[in-house]
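Notes follow the structure.
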Number of protein chains: 2
Amino acid sequence: MPGPAVPEGYDKYAHEPFAVTADLAVLTVREGALHVLLVERGEEPYRGHWALPGGFVQPDESAETAARRELAEETGLSDVSGLHPEQLRTYSEPGRDPRMRVVTVAFTALLPDPPEPRAGSDAARARWVPYAEARPLAFDHDRILADAHERVGARLEYSSLATAFCPPEFTLGELQQIYEAVWGAGLDRPNFRRKVLATPGFVEPVPGAARLTGGRGKPAALYRAGTATALHPPLLRPTPEGRPA
Amino acid sequence: MPGPAVPEGYDKYAHEPFAVTADLAVLTVREGALHVLLVERGEEPYRGHWALPGGFVQPDESAETAARRELAEETGLSDVSGLHPEQLRTYSEPGRDPRMRVVTVAFTALLPDPPEPRAGSDAARARWVPYAEARPLAFDHDRILADAHERVGARLEYSSLATAFCPPEFTLGELQQIYEAVWGAGLDRPNFRRKVLATPGFVEPVPGAARLTGGRGKPAALYRAGTATALHPPLLRPTPEGRPA
DNA sequence: CCCTTCATGGTCAGTACGACTATTAGTCGC
DNA sequence: GCGACTAATAGTCGTACTGACCATGAAGGG
């Protein structure tokens, strides 16, 4: 809330300004591996280092609006209407930017098999980098990226978020690849199928369609994202601990 | 991230400054009912309205540090070391404060049966208000409070967060009251007990102690918070929908 | 034509869960 | 002190979900 001590706060601010940025962890799954969109910094500090895309929130924008604008700029995507950048958290430690006091509102965004990014005007270049090879990044972006990964992994369990990684029509094998890529763990195919189909509203079959998955093997049935956003029952990831359930 | 366009951003900021505040949704359960800590605003705008406690983030602080400081000031608690305000989300819509551009990082904090708050220097007065009677609040605090409620309700399912509402030693009945107060739903006592005890690390018994719960009924065994932070298996709330599981 | 590859269908035992019933150990009113 | 009341604790039972399997079907490649 705006504290009651307006004049003091305002004064302080006048001497030590806060800049607010919106940064994005844009994730996708490509050939079974999790990738993240990075830009190469063209200016100091961290010139030449890779960083998460983002930029200043403008005076007439919310952080959400700024995130959507940045996403469109960095990916060159004409239609970002279906994408809903989700707020991750806010990073406000003093000194995280050597130039000035910067408060960053971080977002995650999920894309299906993506177009090549086009370098924005202010970024030297942008490209998709496998998650495992992304570090080290500029500023505290290593931590932001790790937080984004964890958050997305957790949300896959209880929401139909995984379909956001998929094209409009997809096979259950493709959907499973999303889970495996984000969780970094293999899943049993028959069981995965059973659980997805048993969860009402998660996916719905495309009537008469089947697709050759790329050549090999039996053609798979196609599905669309269903209407549900929450998953009942949830699709829990295998417990990394030796926990019995 | 700090955008590469430093001078522009900085310029913009200089003409349209951002103030950053940390606001808190401090929750507790008192006599079986969820309460929230509110302060009465002593200045315009919204003078005389109730609002969530909070204040400006100082130049040398992170939002987390500011939240802890505000919490100590508003509650008069000498020891807030055990409390970990958790970031909820950030609210940045233009116009949410009529005076200037304010970006608010909201936090939740959970307290066991609390001391009476002392009015801070800048708040006319502060008090615990039953959650159901809290609205309407100043600014967009209605929404922040609703988001906090939902977040805490969800985290009760998968984390041992509920023990943060309890004193160091507590009975299972008291723990159950936390769940019922936050979820607004009654739970079956034997089943609740079974699940809590079956979740490793959630609670551990206090060796030879039993407490009279206040007079009536059989004395209950005392428990301490265990070492686990995540709950396996989770303690799912009753499905409000007529969902079969 | 067989072998590989992947989708799909099914079994089976262990576990968790909700709904209930029963027992125990206290206080309170008389 | 005796019985009603209250709350904690113990146990039961049928259903649902889960993970670990095994089996079948439908393509393509050598």
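Protein chains get the first letters and strands the later ones, always in sequence-line order, with residue 1 at the start of each. Scope of the values below: all heavy atoms of this structure, side chains included, with no hydrogens, waters or symmetry mates.
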Any N/O pairs under 3.5 Å between the protein and nucleotides 10-15 of chain D? List them or say none.
{"unit_1": "dA10(D)", "atom_1": "OP2", "unit_2": "R193(B)", "atom_2": "NH2", "d": "3.3"}

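- Put simply, the side chain of D140(A) never gets that close to the backbone of R143(A): no donor and acceptor are under 3.5 Å apart.
- Note on ring orientation: taking the six-membered ring where Trp is involved, the planes of F192(B) and Y179(B) are perpendicular (angle over 60°, cut-offs 30° and 60°).
- Here dA16(C) presents its C1' atom at 12 Å from CG of L236(A), a figure rounded to the nearest Å.
- With dA16(C), dG19(D), dA8(D) as the choices, the nucleotide that has an atom nearest any side-chain atom of P233(B) turns out to be dA16(C).
- In this structure, CZ of F170(A) is placed 14 Å from P of dA7(C), rounded to the nearest angstrom.
- In this structure, R155(B) pairs ionically with E86(B), as a charged nitrogen and a carboxylate oxygen lie closer than 4.0 Å.
- At the phosphate of dT8(C), neither OP1 nor OP2 sits under 4.0 Å from any side-chain N or O atom of R189(A).
- Legend: residues meeting side chain to side chain donor-acceptor pair (under 3.5 Å) with D142(A), ordered by chain and number and at least two apart, are absent.
- Computed from coordinates, the H232(A) NE2 to dA16(D) P distance equals 18 Å when rounded to whole Å.
- Separating the CG atom of L172(B) from the P atom of dT6(D) is a distance of 21 Å, rounded to the nearest angstrom.
- At whole-Å resolution of the value, NZ in K218(B) and P in dA7(D) are 14 Å apart.
- Defined by atom type and a distance below 3.5 Å, a donor-acceptor pair is present between the side-chain atoms of T104(B) and R96(B).
- Residues E64(B) and R68(B) are not paired through a salt bridge, judged by the lack of any N-O separation under 4.0 Å between the basic side chain and the carboxylate.
- In this structure, L187(B) places its CG atom 13 Å from P of dA8(D), rounding to the nearest Å.
- Between the CD atom of E174(A) and the C1' atom of dA7(C) there is a distance of 13 Å, given to the nearest Å.
- The separation between Q176(A) atom CD and dC6(C) atom P is 12 Å, rounded to whole Å.
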